[in-house]
Engineer: 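Have a look at the structure that comes next, please.
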Amino acid sequence: MFEITPDPIDINTVLRETSTEEDGGVVLFLGTVRQHTGKKKVGWLEYESYQAMALRSFQKIAEDVYSQWGVRRLSIVHRTGKCTVGEIAVAIVAASTHRREAFEACRYAIEQLKENSPIWKKEMTNSDCLWVGSESAEDTPCLK
Amino acid sequence: MNRNFSMTSEHKNGEWVRVQLFAAARERVGLKTVNLPINPHTTTRNLLQMLHALHPELRKVSGRLAVNEEFIENDCHVHAGDEVAFIPPVSGG
């Protein structure tokens, strides 16, 4: 299951869509919105994606995982739009016969996603509003 | 600007590509897409030069181009109908 959605992520759906009775190890990773980034207090995050390319990158990550670890199924679901503190921004599920492969596949998937998938977050904090990785506090006013 | 760069009206019947902008790039420029004129020699490097010339505010956003949903590692030719995107540093997850 690969999805980019403006709606809250339902982890039960992702788990159900990913695991089968053949799996003995199912690993769920959740990336959630935390209260603080450094010393700044987060109000909310805004996620934007280049949807077609992001979904394609998820597919590629899954192909890597299937060939490298023999994991049976991998799902990646990522939010877009406004995410408030505590909300799930990304859910990844790896399902495998054994736990070791599922853990490693899940770890690989989130690292790859953070490095290569065309998705961006804007942090709205008590001191500024910044596209993470593109802007620093000095070079931008608060654009919404 | 180099010989491949023609923004004049003589290009109106020529070929164009649409470049999609995202996140910081979209906000800086104030547009979701920018149309750029191309000829058979135009490369991704030329597209970046044109983007920077037309929208100097984009110089503040580092980014790389994707063509047809693939990151471009080396300079390559672009063709009418290609799906081009300017990709600022990603920050998903």
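What you see is a predicted model, and the numbers here were worked out from it, not measured in a lab. Below, chains carry the letters A, B, ... as their sequence lines are ordered, and counting in each starts from 1.
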Engineer: Counting heavy atoms not belonging to Arg56(A), are there more than 12 under 6.0 Å from its CZ?
Structural biologist: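 Yes.
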Engineer: Say whether Leu48(B) and Val84(B) are linked into one hydrophobic cluster, either directly or through other cluster members, by side-chain heavy-atom distances under 4.5 angstrom.
Structural biologist: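 Yes: a chain of side-chain contacts under 4.5 Å links Leu48(B) to Val84(B).
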Engineer: Is it the case that one hydrophobic cluster holds both Val61(B) and Val34(B), taking links as side-chain heavy atoms less than 4.5 Å apart, direct or via other members?
Structural biologist: yes
Engineer: Using heavy-atom distances under 4.5 Å, tell me whether Glu46(A) contacts chain B through its side chain, its backbone, both, or neither.
Structural biologist: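 Neither part, no heavy atoms under 4.5 Å.
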Engineer: Let me know if Tyr47(A) has heavy atoms under 4.5 Å from chain B in its side chain, its backbone, both or neither.
Structural biologist: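 Side chain of Tyr47(A) only, per the 4.5 Å heavy-atom cut-off to chain B.
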Engineer: Got a donor-acceptor contact below 3.5 angstrom from the Lys114(A) side chain to the Ser91(B) backbone?
Structural biologist: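 Between the backbone of Ser91(B) and the side chain of Lys114(A) there is no qualifying donor-acceptor contact (under 3.5 Å).
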Engineer: Please check if Leu28(A) and Phe103(A) belong to a single hydrophobic cluster, counting links between Ile, Leu, Val, Met, Phe, Trp and Tyr side chain heavy atoms closer than 4.5 Å.
Structural biologist: no
Engineer: Find the distance between NZ (Lys60(B)) and OG (Ser134(A)) and round it off to the nearest 0.5 Å.
Structural biologist: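 Spacing of NZ (Lys60(B)) from OG (Ser134(A)) equals 13.0 Å.
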Engineer: With a 4.5 angstrom heavy-atom cut-off, is it the side chain or the backbone of Trp131(A) that approaches chain B, or both, or neither?
Structural biologist: side chain
Engineer: Let me know if Ser57(A) has heavy atoms under 4.5 Å from chain B in its side chain, its backbone, both or neither.
Structural biologist: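 Neither the backbone nor the side chain of Ser57(A) comes within 4.5 Å of chain B.
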Engineer: Would a hydrophobic clustering, with Ile, Leu, Val, Met, Phe, Trp and Tyr connected at side-chain separations under 4.5 Å, put Val27(A) with Leu74(A)?
Structural biologist: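 As far as the 4.5 Å side-chain criterion goes, Leu74(A) and Val27(A) are not connected within one cluster.
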Engineer: Considering residues, nucleotides and ligands other than His98(A), do more than 12 of their heavy atoms fall under 6.0 Å from its NE2?
Structural biologist: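 Result for NE2/His98(A): open.
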Engineer: In the structure I gave you, are the side-chain heavy atoms of Met53(A) and Ile87(B) within less than 4.5 Å of one another anywhere?
Structural biologist: yes
Engineer: Hydrophobic cluster membership, with links at side-chain heavy-atom distances under 4.5 Å among I/L/V/M/F/W/Y: are Ile92(A) and Ile88(A) in one?
Structural biologist: no
Engineer: Okay, side chain of Trp120(A), backbone of Ala24(B): is any donor-acceptor separation there less than 3.5 Å?
Structural biologist: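 The answer is no, because no donor-acceptor pair under 3.5 Å joins these two groups.
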Engineer: What part of Ala25(B) gets closer than 4.5 Å to chain A, counting heavy atoms only: side chain, backbone, both or neither?
Structural biologist: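 Neither part, no heavy atoms under 4.5 Å.
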Engineer: Please look at Glu70(B) and chain A and tell me whether the side chain, the backbone, both or neither of the residue comes under 4.5 angstrom of a heavy atom of that chain.
Structural biologist: both
Engineer: Salt bridge or not between Glu135(A) and Arg28(B)? Use side-chain N to carboxylate O under 4.0 Å.
Structural biologist: yes
Engineer: Any idea which heavy atoms bring Glu48(A) and Ala23(B) closest together, and the distance?
Structural biologist: OE2-N, 2.8 Å
Engineer: Do you know which of Ala85(B), Gly93(B), Ser62(B) has the most heavy-atom pairs with chain A at a distance under 4.5 angstrom?
Structural biologist: Gly93(B)
Engineer: Is Ile119(A) close to Phe22(B) at the side-chain level, that is, under 4.5 Å between some pair of heavy atoms?
Structural biologist: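 Sidechains of Ile119(A) and Phe22(B): no contact.
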Engineer: Let's test your reading of the structure: which of Val33(A), Val132(A), Leu45(A) forms the most heavy-atom pairs below 4.5 Å with chain B?
Structural biologist: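 Most heavy-atom pairs under 4.5 Å with chain B: Val132(A).
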Engineer: Using a 4.5 Å cut-off on heavy atoms from C-beta on, say whether the side chain of Lys122(A) contacts that of Glu27(B).
Structural biologist: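 With C-beta onward as the side chain, the pair touches.
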Engineer: Do other residues, nucleotides or ligands put more than 12 heavy atoms under 6.0 Å from the NZ atom of Lys60(A)?
Structural biologist: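 Yes, NZ of Lys60(A) has more than 12 neighbouring heavy atoms, counting only those of other groups under 6.0 Å.
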Engineer: If we define contacts as heavy-atom pairs under 4.5 Å, which of Ile110(A), Thr32(A), Asn116(A) has the most with chain B?
Structural biologist: Asn116(A)
